[in-house]
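Notes to accompany the following structure.
Sequence lines set the chain letters: A, B, ... in the order given, protein chains first and strands last, and positions in each chain run from 1. Side-chain atoms are counted along with the backbone in the values below, which use heavy atoms only and exclude waters and symmetry mates.
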2 protein chains.
Amino acid sequence: MSSVPSQASHADLDARLAQNAAAVETLLESLLSETPAAGEILRPPRLVAAMRHGALAGGKRLRPFLTVETARLLGVPSAQALRAGAAVELLHCYSLVHDDLPAMDDDDLRRGRPTVHKAYDEATAILAGDALLTLAFDVLADPETHESGEIRVALVRCLARASGLGGMVGGQMLDLAAEGRFEAQKHALTEAEIRRLQAMKTGALLAASVEIGARLGGADAAALTALDAYGRALGATFQIADDILDVEADAAQMGKATAKDEDKGKATLIGVLGLDGAKRERDRLSEAAVKALDGFGSAADALRAAARFAAQRKS
Amino acid sequence: MSSVPSQASHADLDARLAQNAAAVETLLESLLSETPAAGEILRPPRLVAAMRHGALAGGKRLRPFLTVETARLLGVPSAQALRAGAAVELLHCYSLVHDDLPAMDDDDLRRGRPTVHKAYDEATAILAGDALLTLAFDVLADPETHESGEIRVALVRCLARASGLGGMVGGQMLDLAAEGRFEAQKHALTEAEIRRLQAMKTGALLAASVEIGARLGGADAAALTALDAYGRALGATFQIADDILDVEADAAQMGKATAKDEDKGKATLIGVLGLDGAKRERDRLSEAAVKALDGFGSAADALRAAARFAAQRKS
């Protein structure tokens, strides 16, 4: 049963998202200054500008929101979790810069602005992505977070596992393979293969955003398990909602039901479940995410609202 | 005064380098297996194969050698420092994979084998580089190293600072700029600018290889300062020797003194100091590296030999 969130919880989530996004933006601004940090020699202005172009483009900042809200649920003040959240966002931004490259998805625009390789050039975009990825680990490892070394290194490991060859990067690789890039004969993925691909490509980093918040809050094994279930269900909700939005936006804007993703041969669950089946699956996953938080009280309302938002968002 | 190393120390260094390279190769083999690590979902075979192509191509493995030998100087057994050394090597290998890309240096061959984007394709090479970079931090953060969280997180931070926008990646950016990529009018670099570029592009990671060994060994402030001076002088020696080798190889092979780097407009100190001046500077830097180790006894002989090797190597 999908429960309808009240107008109030929507408004409350919007306000919290906006407040968090502003705080993330301010912190990213300062992390991406031209002034070298201790141990650095010089930050080349063109590289810094390209990194800023890729990281300061606005957006909902959902991943740091998840980190901050999960940490807050476990008693960690928002300000204390913000740096770890910003690290996850830097990693997300690097993945967008590299995914947009001509050799990858070859996108000229993102959020209505030129992508980094269009605004600068391809070499600069590759290096800007590399530097954003490296900076993410630098920020997590920095004693500025005031966390112990044991906690900081656990966060580094969590982010590395979620984003590397067995997580996000591996998922992007599977996605390119599903487009038929590497074979003469395109191989249609099974439902299980699509779910796994999406769990890697987008799910792993969303789940890591939650896990990093949980580890900052010193979650015990039971809380880690519940929050992990929440993060994975939320990640799957997010991806299927994205695929549905893509189909419906194309249908509305172009007067036809052919999706951009479908044109590109991207693997989505819509092809397997149909549009209506995909919507039911999206709502089921969103409610599973909410259900995973049953052991937490009203302090988890923001995370519950985020799971419903992931299913119902319009952009 | 440049002291001539005995035949014995050369042979000893060669043996130690070979022994270390074999141990690094074995460890990288196991880190780059197709079996997912804990927290990973699946390692796509094509991605793993491309990463292995980029990381298991042999070579001297100088960076892990510096990490292991510095740690050994401070009483840490080689086996215990090997994982941290392998992490530095993974990071070095990622930088080669990305530097070879068409949008960057556009190289088809490395060590006589096709580069990763030639053996596979450009998208796979970008992702393989991203995954090698991420794996480097994963390996440093892994409790498998048996180091405390405080130590592991210090190593992560050292590697991130040395390789990010204010270190290696920033240096690569400056190098592309020095080729005149981003300006209609090429701007000739001053000697100070060339030294800074090289300190970032190659020096920072070599110095970090030493610093990581020093931190594994719990070096005190005085030892850290001495080893840092050693690492920086060694890095500068290595780069200038590389530039000299490039000029002399071209002169020998092509019957003319025009270097490949000069053709590409790469900034080297030879253009400023001349070939003979560059050789004197190379030897001066190598001796400065040896001199920085004066406070250490014969246990530092391998590091001294490495500094002389960096100046005198023929390939």
Side-chain angles (χ1 to χ4, degrees), chain A residues 36-44 46-48 51 94 98 101 103-104 121-127 129-131 133-135 137-138 140-143 148-154 156-167 169-174 176-177 181-182 196 199-200 204, chain B residues 36-44 46-48 51 94 98 101 103-104 121-127 129-131 133-135 137-138 140-143 148-154 156-167 169-174 176-177 181-182 196 199-200 204:
Chain A
E40 291 180 342
I41 299 172
L42 168 85
R43 295 183 161 192
R46 182 181 176 87
L47 181 59
V48 173
M51 293 170 76
Y94 121 74
H98 279 191
L101 285 167
M104 306 276 276
D121 62 282
E122 223 176 303
T124 301
I126 294 167
L127 292 174
D130 291 346
L133 167 53
T134 308
L135 186 59
F137 291 110
D138 191 346
L140 281 186
D142 196 323
S148 71
E150 294 294 342
I151 295 269
R152 284 181 283 141
V153 84
V156 167
R157 194 158 175 243
C158 173
L159 192 64
R161 287 280 155 103
S163 64
L165 77 163
V169 172
Q172 176 67 6
M173 187 74 201
L174 294 178
L176 296 177
R181 291 253 193 138
F182 312 126
R196 187 175 60 187
M200 290 169 72
Chain B
E40 292 180 341
I41 299 172
L42 169 86
R43 295 182 161 192
R46 184 182 175 87
L47 180 59
V48 172
M51 292 170 76
Y94 121 74
H98 279 190
L101 285 167
M104 307 277 277
D121 63 282
E122 222 177 305
T124 301
I126 294 168
L127 292 174
D130 291 346
L133 165 54
T134 307
L135 186 60
F137 290 109
D138 191 344
L140 281 186
D142 197 321
S148 72
E150 293 295 341
I151 295 267
R152 284 181 282 143
V153 83
V156 167
R157 194 158 176 243
C158 174
L159 191 64
R161 286 282 154 100
S163 62
L165 79 164
V169 172
Q172 175 68 3
M173 186 76 202
L174 294 177
L176 296 177
R181 290 254 194 140
F182 313 125
R196 187 175 59 185
M200 291 169 71

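In this structure, B/D130 CG and A/Y94 OH are separated by 3.5 Å, a value rounded to the nearest 0.5 Å. To the nearest 0.5 Å, the span separating CD1 on A/I41 from CG on B/L165 amounts to 11.5 Å.
Closest non-hydrogen pair, A/R157 versus B/A141, comes out as CD-O, 3.9 Å.
With a threshold of 4.5 angstrom between heavy atoms, B/L101 approaches chain A through side-chain atoms but not through N, CA, C or O. Heavy atoms of B/L176 lying under 4.5 Å from chain A belong exclusively to its side chain. Contacts between B/I126 and chain A at a heavy-atom distance below 4.5 Å involve the side chain alone, from C-beta outward. For chain A, the nearby parts of B/L42 are the backbone and the side chain; heavy atoms of each come within less than 4.5 Å. Looking at B/A125, neither its backbone nor its side chain comes within 4.5 Å of chain A, counting heavy atoms on both sides.
Each of A/S148, A/S163, A/G149 has some count of heavy-atom pairs under 4.5 Å with chain B, and the biggest count is that of A/G149. Listed options A/L140, A/D142, A/D121 were ranked by heavy-atom pairs under 4.5 angstrom with chain B; first place goes to A/D142. Chosen from A/A177, A/A131, A/C158, A/A103, the residue pairing most often with chain B at heavy-atom distances under 4.5 Å is A/A103. Among A/L127, A/L133, A/V156, the residue with the largest count of heavy-atom pairs under 4.5 Å with chain B is A/L127. The candidate with the highest count of non-hydrogen atom pairs below 4.5 Å against chain A, out of B/P44, B/G170, B/G167, B/G164, is B/P44. Top candidate by heavy-atom pairs under 4.5 Å with chain B, chosen from A/E150, A/M51, A/R161, is A/R161.
Under the side chain to side chain donor-acceptor pair (under 3.5 Å) criterion, B/E40 pairs with B/R43, sequence neighbours left out. Partners of A/A204 under the side-chain contact (heavy atoms from CB on, under 4.5 Å) rule, at least two apart in sequence or in another chain, are A/A162.
Side-chain contact between A/E122 and B/M104 is absent, with no heavy-atom pair separated by less than 4.5 Å.
Ring geometry, B/F137 versus A/F137: the interplanar angle falls under 30°, so the pair is classed parallel (tilted spans 30 to 60°).
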